[in-house]
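One structure is given here, and the rest of the page talks about it.
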Amino acid sequence: DFPTHTDLASEHTALGVAYFCHERCSESGAVYRIAGRNMFKLRWQAASPMVYDTEGSEDDRSDALLTSIIHKVNAGGAQDFDSSGALFPQERVQAEVRKLLATSSGLSRKDSKL
């Protein structure tokens, strides 16, 4: 449900915004949306990658290569968030951190949690 105009009044949103200014707030570098009494953490997701050709980009074929990319993007390339190729970029970073923690502490990957 979308909040009504009265739900978005400052008296309903100020406390949520003040949380991010408080010394006990542990969040940093994240993006949130405050709507009335509702707080939403937003995330960044990468679409399934679209592979394009670069051979010949330094000669007279560069215009044709660019046209090919334009056609692929217009056909939905680099915009597919539903396929198995879509990912959340932070997953790779978190996996590396888990691996480092497990290696440095002698725990198995299953035992180390972020």
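FYI, side chains are in, hydrogens and waters are out, and symmetry mates aren't considered; it's all heavy atoms of this structure. This is a predicted model, so every value here is computed, not measured.
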- Item | With L15 via side chain to side chain contact (heavy atoms under 4.5 Å, CB included) - residues at least two apart | none

- Write out all pairs satisfying salt bridge (Lys or Arg N to Asp or Glu O under 4.0 Å) with one or both partners inside residues 59-71, taking only residues at least two apart or from two chains. D59-R61

- Task: Indicate the atoms forming the closest heavy-atom contact of Q45 with L87, along with that distance.
- Result: CG-O, 3.3 Å

- Message: Who clusters with Y32? Use side-chain heavy atoms, under 4.5 angstrom, across I, L, V, M, F, W and Y, and order the result by chain and number.
- Response: V17, Y19, F20, I34, M39

- Item | Hydrophobic cluster of L66, others only, ordered by chain and residue number, side-chain cut-off 4.5 Å | I70

- Query: Given a cutoff of under 4.5 Å between side-chain heavy atoms of I, L, V, M, F, W and Y, with clusters grown through shared members, what are the other residues clustered with Y52?
  - Reply: M50, I69, V73

- Task: Return the minimal non-hydrogen interatomic distance between A86 and D80, and the atom names on each side.
- Result: CB-O, 3.8 Å

- Least distance between heavy atoms, G85 atom then P49 atom: O-CD, 3.7 Å

- Contacts satisfying salt bridge (Lys or Arg N to Asp or Glu O under 4.0 Å) that involve residues 9-32 (not counting sequence neighbours) are E27-K41

- Query: Under 3.5 Å, is there a donor-acceptor pair between the side chain of T103 and the main chain of K99?
  - Reply: yes

- Note on the structure: Smallest heavy-atom separation, A78 atom then A47 atom, equals O-CB, 3.5 Å

